[in-house]
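For the numbers below, each heavy atom of this structure counts, side chains included, while hydrogens, waters and symmetry mates do not.
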Amino acid sequence: MADVPATAQNIEADPDLYDASDSSIGDDVSTYTASITSSIERYPIENGRRYHAFKDGSYIMPNDEREQDRLDLSHQMFKLTMGNKLYLAPIDKPARILDIGTGTGIWAIEMSDEFPDSEILGTDLSPTQPTWVPVNVKFEVDDLEDDWTFQHQFDFVHCRYLAAAISDWEKLVRQCFEATKPGGYTEFQDYNLRIYSEDGSVTSEHAVRKWNDLGCGACTSFGKDPEPGPKIQGWMKDAGFVDVYHERFRLPIGPWPKDKHLKTVGAWNLVTLEDGLEGMTLRLLTQVLGWRLEEVQVLIAKVRKDFRDPKIHAQLDFHVAYGRKPTA
C-alpha cells in the first residue's frame, strides 16, 4: 500500500451528512446532484440573450430558444446541401455513434431513425436537448476541448458546425482519431466563415464585408478559428486517418443564383443568417471589441439590408471531410 505524503491530510467526513442509525445517503447524493445540475442550467443573460453556464464565456453563441430554432433550420439546410443526407462517410451499421457538439440533438435523433440498433451519444456545453428521445440516444454535458474520457471507442464520430468555437483544432482531430474504433470513420462538416463573391459584387464598401471582417477578426483574437473548413482534411491526415475525402459546398446568401438547387439553398441560408445575426454579433463585438449595443444594432441593420440586396452575390463555403482509422 502506498504511503500517504507527509503534507497530505485525510479528508474529513461531514458528520451532518447522515446519522449512525441510517447508513443510506441516497437522498443527500440526489440533493447534491440536483444542485450541480441546477448550476449548469443557471444561464447568464446578456443583452437580452441567454448563454450557456458550463464553461461560461468559452462559446460566443447564445443557447436560448431563438438560437435552438436557428440551429434546427441550419440542420435542414445542411441536409439539403448534401443531397438530403446526414453524412457522407461510407458507414455500415455502426454499433456506437458519437456526435460532438450536438447542439439541439437533432442530428443524433435523426440518426437513430436510420440506425435504430446503434447506441448514439451526443455531447454539448448546454443541456438544451429534448428530454424525450429515442431509447438508443443519450445526451451528456461535456466540453469537447477537455481531455476525452469515453469508456468505449466509436464506429462513427460526427462533428458539425464548430467554426469559431474551437481553440485547438489539431487536438480535437487527434481526440477524434483516438475515440474512433479501428476501421471506423470520423466526419467533420464545417464552415469557412469568410464571406466572398465570385463576381466582385461584395466590396469593402459593403456593411456585410465590414461585419464579416470584424467578426472573424474578433474570433481570432478570442482564440477561436473561424475558417476551419478547408483545413480539416489536412488535420485528419496528420492525425493518422486514411482514405480522407473532402468536398466543398457553396452556400449562397439569398435566392440570387439561377440554379434551382442553389437558389433554394441560398434562401435557407439567408433565413438562418438573418435569424443568427444578433447572436453571432453581440458577444463578439460588445465583449471582445468593446462596442456599445446601439452600435452593434446599427451595423446589424445594414448587414441585413446587404443580405437582401439581389445585386450583392455573397456566399460562404461549407466543407465536409471524412476519414477512416486504420485497422493496423
Side-chain angles (χ1 to χ4, degrees), residues 57-61 67 70-71 74-75 77-78 81-82 88 100-101 103 125 144-145 158-177 186-204 206-239 241 244-254 265-266 269-270 272-273 276-277 279-285 287-289 299 303 306-307 312-323:
S58 61
Y59 182 56
I60 63 170
M61 295 294 290
E67 175 62 9
R70 188 189 73 85
L71 289 175
S74 296
H75 167 78
M77 180 187 69
F78 297 146
T81 299
M82 295 165 54
L88 297 184
I100 293 296
L125 283 170
L144 58 83
E145 296 212 79
H158 174 259
C159 307
R160 184 178 70 180
Y161 200 175
L162 299 178
I166 303 300
S167 300
D168 190 343
W169 271 93
E170 292 176 281
K171 176 185 176 183
L172 172 63
V173 177
R174 288 196 303 270
Q175 295 209 112
C176 287
F177 182 82
T186 286
E187 178 166 314
F188 290 89
Q189 302 173 7
D190 228 306
Y191 281 104
N192 179 348
L193 288 176
R194 291 284 180 181
I195 293 175
Y196 69 99
S197 61
E198 295 173 330
D199 60 2
S201 58
V202 176
T203 72
S204 59
H206 289 112
V208 64
R209 171 62 59 78
K210 178 182 180 181
W211 170 77
N212 189 233
D213 288 347
L214 284 169
C216 288
C219 286
T220 301
S221 65
F222 189 55
K224 309 292 185 178
D225 190 348
E227 307 173 58
K231 310 169 192 173
I232 291 173
Q233 60 175 330
W235 291 329
M236 295 189 77
K237 292 176 181 178
D238 291 343
F241 287 102
V244 176
Y245 171 88
H246 166 258
E247 187 169 352
R248 176 178 71 100
F249 296 91
R250 293 176 295 174
L251 300 180
I253 302 174
V265 170
N269 197 22
L270 175 62
T272 62
L273 284 171
L277 263 176
M280 295 173 186
T281 310
L282 282 173
R283 185 169 255 190
L284 278 178
L285 266 60
Q287 290 198 9
V288 180
L289 300 183
L299 177 61
V303 174
D306 280 354
F307 279 163
I312 299 177
H313 303 154
Q315 63 188 69
L316 289 161
D317 284 343
F318 184 70
H319 296 258
V320 177
Y322 66 75

Tell me, please, which residues at least two apart from Arg250 pass salt bridge (Lys or Arg N to Asp or Glu O under 4.0 Å).
Glu198
Any donor-acceptor N/O pair, Ser197 side chain to Val202 backbone, under 3.5 Å:
yes
ring-ring contact (aromatic ring centres under 6.0 Å, His included) with Phe177: which residues, sequence neighbours excluded?
Phe241
Could you pull out all residues at least two apart from Ser221 that satisfy side chain to side chain donor-acceptor pair (under 3.5 Å)?
none
Can you name the residues that form a side-chain contact (heavy atoms from CB on, under 4.5 Å) with Gln175, not counting sequence neighbours?
Asp147, Trp148, Lys171
Applying side-chain contact (heavy atoms from CB on, under 4.5 Å), can you list everything that pairs with Tyr245, at least two apart in sequence or on another chain?
Leu88, Glu247, Tyr322
Quick check: do Phe307 and Leu273 have side-chain heavy atoms less than 4.5 Å from each other?
yes
Going from CG on Leu299 to CG on Leu214, what distance comes out if it is rounded to the nearest 0.5 angstrom?
7.0 Å
Only counting residues at least two apart or in another chain, list the ones meeting ring-ring contact (aromatic ring centres under 6.0 Å, His included) with His313.
Trp256
Donor-acceptor pair, distance only, cut-off 3.5 Å: does the side chain of Asp190 make one with the backbone of Gly229?
no
Side-chain touch Pro228/Tyr191, heavy atoms, less than 4.5 angstrom
no
Residue pairs fulfilling salt bridge (Lys or Arg N to Asp or Glu O under 4.0 Å) with at least one residue in residues 209-220, sequence neighbours excluded:
Arg194-Asp213
Asp168 meets the salt bridge (Lys or Arg N to Asp or Glu O under 4.0 Å) criterion, sequence neighbours left out, with none
Closest heavy-atom pair, Asn212 versus Ile195, reported as atoms and distance to 0.1 Å, is OD1-N, 2.8 Å
Excluding sequence neighbours, so at least two apart, what forms ring-ring contact (aromatic ring centres under 6.0 Å, His included) with His319?
His246
Please find the pair of heavy atoms, one from Pro226 and one from Thr220, that lie closest to each other, and give the distance.
CD-OG1, 3.8 Å
Modelled atom types, side-chain donor and acceptor of Gln315 and Tyr196, under 3.5 Å
yes
Does the side chain of Phe188 come within less than 4.5 Å of Trp169's, by heavy atoms?
yes
side-chain contact (heavy atoms from CB on, under 4.5 Å) involving Ser204 - partner list, sequence neighbours excluded
none
Would you indicate whether the side-chain heavy atoms of Ile100 and His158 approach each other to under 4.5 Å?
no
Could you check if a side-chain atom of Leu162 sits within less than 4.5 angstrom of a side-chain atom of Leu172, using non-hydrogen atoms only?
yes
Where is the tightest heavy-atom contact between Arg70 and Thr272, given as atom of each residue plus distance?
CD-O, 3.2 Å
Apply side chain to side chain contact (heavy atoms under 4.5 Å, CB included) to the pair Asp225 and Ile166, showing each step before the final yes or no.
CA-CA 6 Å; Asp225 190 348; Ile166 303 300; over 6 Å; no
CE/Met236 to CD/Glu170 distance, rounded to the nearest 0.5 angstrom?
13.5 Å
Does any part of the side chain of Arg174, heavy atoms only, come nearer than 4.5 Å to the side chain of Trp235, both counted from C-beta?
no
Closest contact, heavy atoms only, Leu144 versus Gly101
CD2-N, 3.8 Å
Just jot down the salt bridge (Lys or Arg N to Asp or Glu O under 4.0 Å) partners of Asp317, sequence neighbours excluded, or say none.
Arg248
CG-CZ distance between Leu289 and Arg283, expressed to the nearest 0.5 angstrom:
14.0 Å
Could you give me the CA-CA distance, side-chain angles and deciding distance for Leu193 and Glu227, then say whether side chain to side chain contact (heavy atoms under 4.5 Å, CB included) is met?
CA-CA 6 Å; Leu193 288 176; Glu227 307 173 58; 5.6 Å; no
Phe318 and Phe249 aromatic ring geometry - parallel, tilted or perpendicular at 30°/60° bounds:
tilted
Please name the pair of heavy atoms, one in Ala207 and one in Asp306, separated by the smallest distance, quoted to 0.1 Å.
N-OD2, 2.9 Å
Any idea which heavy atoms bring Leu284 and Ala218 closest together, and the distance?
CD2-CB, 3.9 Å
Run the side-chain contact (heavy atoms from CB on, under 4.5 Å) test against Asp238 and tell me which residues pass, sequence neighbours left out.
none
Using a 4.5 Å cut-off on heavy atoms from C-beta on, say whether the side chain of Cys159 contacts that of Gln189.
no
Do His206 and Val303 come within less than 4.5 Å of each other through their side chains, counting heavy atoms only?
no
